[in-house]
Amino acid sequence: MTGKTAVLVYDTIHGRVLTRLEEKFELIRVRRGVPPSISPEDAERVKGAAIFGAFGADWIDLLPNLEIIAHFGVGYDGVDCAAATRRGIIVTNTPDVLNDEVADSAVALLLNTIHQIPRVERWLRSGDWAEKGSCPLSPMSMKGRTVGLYGLGRIGIEIARRLEPFKVKIAYHTRSKREGVDYAHYPTLLALAEAVDTLICIVPGTPETHKAINAEVLKALGPNGVFINVGRGTSVDEDALIEALNAKTLAAAGLDVFYDEPKVPQGLLDAENAVLWPHIASATVPTRDAMGDLVVDNIIRWFA
Ligand code: NAP
Ligand code: 8YV
């Protein structure tokens with residue numbers, strides 16, 4: 001016991017969070033992804049929690065004096081907010097500081113997918129270029145595309161702005177039309193998918209967006225269609241996506257996020273027309289440090 005306020009942290013949280021929290025708080029480190037495990041004495045002392053991903057009622061109910069859950073990441077989809085709200089526990093997240101990084105990554109993933117960059121790099125590294133000659137062409141191009149954004153919030157708008165110089169048409173679907181933009185707004189996701197050939201998902205994971213990107217939406221993109229996901233994997237019916245990729249009713253997909261991370265279905269791993277990233281859209285040291293600082297600042301401000 002140190003006399004300092006005790007904060008529970010996942011042992012694998014970004015290092016900057018640990019370093020900065022240690023300066024002011026007593027850290028109670030727990031393992032992520034296992035059933036909750038903490039001594040009753042420690043549980044009693046915990047007043048704050050710095051977490052990422054899942055933090056359910058099983059944890060919240062164990063901590064009688066918890067005041068704040070500071071989530072490392074945008075949104076609250078892993079946190080049982082209903083359980084937190086019942087207890088009057090504040091929940092914070094880390095928006096804005098990663099907008100540019102995630103938007104850059106979204107454009108990179110789109111280009112990687114359309115130009116089949118992982119495949120062409122394998123062609124060079126395997127020696128095929130020297131042995132077999134020029135590598136087979138990508139059937140897809142950015143030229144003439146209409147890009148639909150499912151979500152036009154803090155990150156969505158940054159993606160849209162970055163796409164303008166590519167001379168593509170831009171449209172979007174959100175529940176409320178966004179003020180101050182000229183992009184075409186569609187009232188439903190299906191109407192958007194019918195109007196575009198490229199769909200970028202950047203909505204939060206909520207019950208409303210759960211598996212919203214289904215067989216019908218994917219089919220509407222057409223055989224030249226490209227689907228990019230930098231939002232949440234829970235927004236996608238992955239079985240339908242695998243079927244569309246295999247049947248080539250969809251040309252390609254670029255995915256940074258998956259339904260049940262870190263598990264990636266074999267059907268996606270086997271799909272040559274999919275580019276797969278391990279949830280790294282915000283993963284640079286400067287951006288993760290900025291997210292970590294926001295987690296710590298939220299906790300410091302709360303206890304101040
Ligand atoms: P944001 O500013 O809250 O924007 C969310 C957008 O989604 C808004 O345009 C919102 O518009 C729309 N939306 C929400 N629910 C919707 C629904 N049911 N139907 C249609 N549109 C809906 O959030 P953000 O900061 O841009 O972040 C978006 C999400 O990206 C985060 O919640 C997180 O899940 C994900 N993310 C992923 C990474 C990564 O590493 N891959 C990094 C950061 C964030 P309306 O409210 O008008 O519908
Ligand atoms: C992180 C993210 O990878 O901020 C988010 O919402 O999805 C990513 O920036 C994640 O939060 C780290 O666990």
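For ligands, and for the atoms within them, numbers begin at 1 and follow the listed sequence. The structure presented is a predicted model; accordingly, all values stated were derived computationally and were not measured.
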Next on the checklist: Please list, in number order, the atoms of ligand 1 under 4.0 Å from a heavy atom of E208.
Outcome noted: 18 (N)

Checklist entry - Where does R232 meet ligand 2, judged by heavy-atom distances below 4.0 Å: at the side chain, the backbone, both, or neither? => result side chain

Give the residue, atom name and distance (to 0.1 Å) of the protein heavy atom nearest [atom].
{"atom": "atom 3 (O) of ligand 2", "answer": "R288 NH2, 2.9 Å"}
{"atom": "atom 19 (N) of ligand 1", "answer": "R175 CG, 3.7 Å"}
{"atom": "atom 23 (O) of ligand 1", "answer": "R154 NH2, 3.4 Å"}
{"atom": "atom 47 (O) of ligand 1", "answer": "S176 N, 3.0 Å"}
{"atom": "atom 13 (O) of ligand 2", "answer": "F52 CD1, 3.4 Å"}
{"atom": "atom 4 (O) of ligand 1", "answer": "G153 CA, 3.3 Å"}
{"atom": "atom 35 (C) of ligand 1", "answer": "G231 O, 3.6 Å"}
{"atom": "atom 7 (O) of ligand 2", "answer": "H279 NE2, 2.6 Å"}
{"atom": "atom 11 (O) of ligand 2", "answer": "F72 O, 3.1 Å"}

Checklist entry - Does M291 have a heavy atom less than 4.0 Å from any atom of ligand 2? => result yes

With backbone taken as N, CA, C and O and side chain as the heavy atoms from C-beta onward, which portion of [X] lies under 4.0 Å from ligand 1: side chain, backbone, both, or neither?
{"X": "V257", "value": "side chain"}
{"X": "R178", "value": "neither"}
{"X": "P204", "value": "both"}
{"X": "I202", "value": "both"}
{"X": "V102", "value": "side chain"}
{"X": "I155", "value": "both"}

Next on the checklist: Under 4.0 Å from a heavy atom of L98: which atoms of ligand 2 are those, numbered in the order shown and with their elements?
Outcome noted: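 The list of qualifying atoms is 4 (O), 9 (O).
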
Checklist outcome for this item: Closest to atom 7 (O) of ligand 1 (heavy atoms only, candidates D256, N99, V203, V74) is V203

Next on the checklist: Heavy atoms only: which of S282, G205, A283 lies closest to atom 8 (C) of ligand 2?
Outcome noted: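 Ranked by closest heavy atom to atom 8 (C) of ligand 2, first place is S282.
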
Item to check | N or O pair under 3.5 Å between V74 and ligand 2 | outcome: yes

Checklist entry - Do side-chain atoms of E238 reach the backbone of Y259 as a donor and acceptor pair under 3.5 angstrom? => result yes

Next on the checklist: Applying side-chain hydrogen bond (donor to acceptor under 3.5 Å, both in side chains) to T12 and R32, what does each step give before you reach the verdict?
Outcome noted: CA-CA 7 Å; T12 49; R32 179 174 184 255; 5.6 Å; no

Checklist entry - Taking a hydrophobic cluster as the set of Ile, Leu, Val, Met, Phe, Trp and Tyr residues connected by side-chain heavy atoms closer than 4.5 Å, whether directly or through intermediates, do L110 and I170 fall within one such cluster? => result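 As far as the 4.5 Å side-chain criterion goes, I170 and L110 are connected within one cluster.
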
